[in-house]
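Report on one structure; see the data block that follows.
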Amino acid sequence: MLRKRRLERISNSYYNLGLKDAEARNLSGAILSLEKALEFNKNNIEARNLLGLVNFEIGEVAKALVCWVISINIRAENNRAEYFLYTLQKRQEVLENYDQVLQKYNQALIYAKNDNEDLAILTLSRIFETNKNYVRAGNLLALLHINKEDYVKANKTLLRVLTVDKHNPLALRYLNYIKGQKTSLDTERHHLKEALSHRKLEDDDVIIPNTYKNYLGLQTAINIGLGLLIGCAAMLFIYFPTNRAAINNAHNIELTKLSEKLNEENLNVTELSKENAKLNEELSKLKEAENTGEESQTYKLTQYETLIGMLDNYYKGDFARMSDLYSGFDVGVISDIDDENKIALSPIIDMIVSKAGSEGPKLLLDVGDSHYNTGDYENALSYYEKSLKIKADYVPALLKKAETLSALSRNEEADSLFGEIIVNYPDTQEAAKAKEIRGY
Amino acid sequence: MIKFEEELKHFKPSLEISAVEDTIIRSDITDLNDIILELLKNEGKEAE
């Protein structure tokens with residue numbers, strides 16, 4: 001038991017070292033320490049889980065899976081490895097991608113070992129582009145670049161590797177080698193330059209002093225600033241005014257066009273106004289005609305109503321009333337009813353006309369006299385006139401009308417009518433009466 | 001001086017995910033404790 005306890009303590013010490021290295025990004029060192037920890041105690045779950053994590057971080061996904069699965073097998077409950085496995089396995093495509101990367105690396109290694117260095121470089125470049133933490137691939141790629149003396153690319157790759165694993169021994173070794181190579185190259189380049197620059201100075205050659213070079217940066221900045229200023233000034237004083245003039249010109253042309261168009265439209269509006277006035281006039285005429293038409297229609301209807309009234313009074317025997325209606329009747333508008341009933345109105349009208357024509361004037365005179373005798377001269381006059389409408393030369397009605405006019409103090413009219421009776425109907429009793437009333 | 005061929009030999013293939021199962025089955029997780037126990041067991045047998 002004591003032995004076991006001691007081994008566990010040693011294992012934990014190595015685990016602590018591994019943890020410290022991992023935190024410092026010395027992943028290669030961490031792996032060594034953690035593997036040692038497991039050698040002393042295989043049941044050190046923390047060490048095994050951390051080892052899996054470190055392997056995952058440097059792109060060795062399969063190794064990480066091995067660590068975690070074994071960890072679960074040793075202790076299934078309360079084990080962080082369960083979470084790591086769940087995270088990787090929940091999305092199948094992620095695991096497949098990792099597997100493809102690992103396979104491609106192995107393939108690239110085969111290419112490299114079979115003198116297919118270009119293909120190896122191409123494959124590894126593609127892998128490393130999307131999996132920049134794959135340390136092993138980065139180191140192999142750097143080696144291939146070094147072999148081709150492409151030290152710039154090798155340098156770039158190695159720097160990337162060292163970002164993931166700060167103390168990766170292989171990457172450091174390659175980097176040192178590149179630095180050495182670069183130094184010697186730079187030196188050779190420098191020597192070559194110097195060798196070429198050893199020529200005889202001519203009279204017009206200018207020797208640039210060192211102090212000038214020191215200020216070169218500032219001078220460049222000043223020159224750039226000056227250039228910008230000149231450019232802005234040119235824009236302001238040359239380009240903008242020209243451009244503005246061109247724009248103004250274009251605007252003026254546009255304005256002229258618009259004015260012309262506006263004038264045209266105004267003319268159109270005037271024309272349209274005139275037309276509108278004409279149309280309104282026509283409309284008024286049409287309305288008038290329509291109204292007239294309406295009035296005509298109403299008038300016609302009135303005559304038909306009068307006819308009906310006359311017929312009604314005729315059958316009642318009230319011929320006076322019939323005659324009264326007849327005095328205002330316009331027989332000209334009445335026509336026979338030309339529908340399927342085919343009612344002929346002419347006989348009816350003839351009947352009324354005959355009765356009203358023969359008896360109407362006397363009957364209406366009598367009605368007038370009844371009004372005259374009660375002093376209602378206005379109504380009396382009205383009936384006398386109705387009587388005269390039926391028969392214009394009905395002399396008794398003429399005399400009575402003249403008398404009524406006289407009674408209404410319409411003396412001129414009365415006198416005129418008296419005179420008419422005397423002149424036109426001299427041999428009548430009415431003429432003598434007229435003379436008597438008038439006085440001459 | 002880096003010799004390409006020599007360096008290349010140090011590069012081993014990566015473990016692929018398809019090989020994880022086999023690796024786990026074949027994995028030897030014997031630790032020092034197991035070795036000591038084995039040694040003690042063997043000593044005991046020898047003593048007998």
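Labels below follow one simple rule: chain letters A, B, ... track the order of the sequence lines, proteins then strands, and each chain is numbered from 1. All values below were derived from every heavy atom in this structure, side-chain atoms included, with hydrogens, water molecules and symmetry-related copies excluded.
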To the nearest 0.5 Å, tell me how far B/E5 CD sits from A/D115 CG. 6.5 Å

Derivation of the side-chain contact (heavy atoms from CB on, under 4.5 Å) call for B/N33 and A/N43: CA-CA 10 Å; B/N33 193 46; A/N43 296 322; over 6 Å; no

Honestly, the part of A/L170 sitting under 4.5 Å from a heavy atom of chain B is side chain

Is A/N139 close to chain B through its backbone or its side chain, or both, or neither, when contacts mean heavy atoms under 4.5 Å? both

Tell me, do B/T30 and A/K42 make a side-chain contact under 4.5 Å, heavy atoms counted? no

Against chain A, label B/I35 side chain, backbone, both or neither, depending on which of its atoms sit under 4.5 Å from a heavy atom there. neither

Identify which part of B/L40 has an atom lying under 4.5 Å from any heavy atom of chain A, answering side chain, backbone, both or neither. side chain

So do A/R48 and B/I29 actually touch side chain to side chain, heavy atoms under 4.5 Å? yes

Roughly how far, to the nearest 0.5 Å, is the CG atom of A/N73 from the CD1 atom of B/I24? 7.0 Å

Identify which part of A/N41 has an atom lying under 4.5 Å from any heavy atom of chain B, answering side chain, backbone, both or neither. both

Measure A/I110 against the heavy atoms of chain B and call it side chain, backbone, both or neither at under 4.5 Å. neither

Under 4.5 Å from any heavy atom of chain B - which part of A/Y105: side chain

Is A/L38 in contact with chain B via its backbone, its side chain, both, or neither, using a 4.5 Å heavy-atom distance? backbone

Close side-chain approach of A/I10 and B/L32, heavy atoms under 4.5 Å: no

Best-contacting candidate, A/A137, A/A62, A/C67, A/A112, against chain B by heavy atom pairs under 4.5 angstrom: A/A62

Which atoms of A/E39 are under 4.5 Å from chain B, going by heavy atoms: the side chain, the backbone, both sets, or neither? backbone

Which bit of A/L143 comes within less than 4.5 Å of chain B, counting heavy atoms only: side chain, backbone, both or neither? both

Looking only at A/E96, A/K63, A/R173, A/E8, most heavy-atom pairs under 4.5 Å shared with chain B are made by A/R173

Interatomic distance, B/I17 atom CD1 to A/L88 atom CG [nearest 0.5 angstrom]: 7.5 Å

Whatever's closer than 4.5 Å to a heavy atom in chain B on A/Q107 counts as neither

For B/S14, which atoms come within 4.5 Å of any heavy atom of chain A: side chain, backbone, both, or neither? both

Indicate the atoms forming the closest heavy-atom contact of A/K113 with B/F11, along with that distance. NZ-O, 3.4 Å

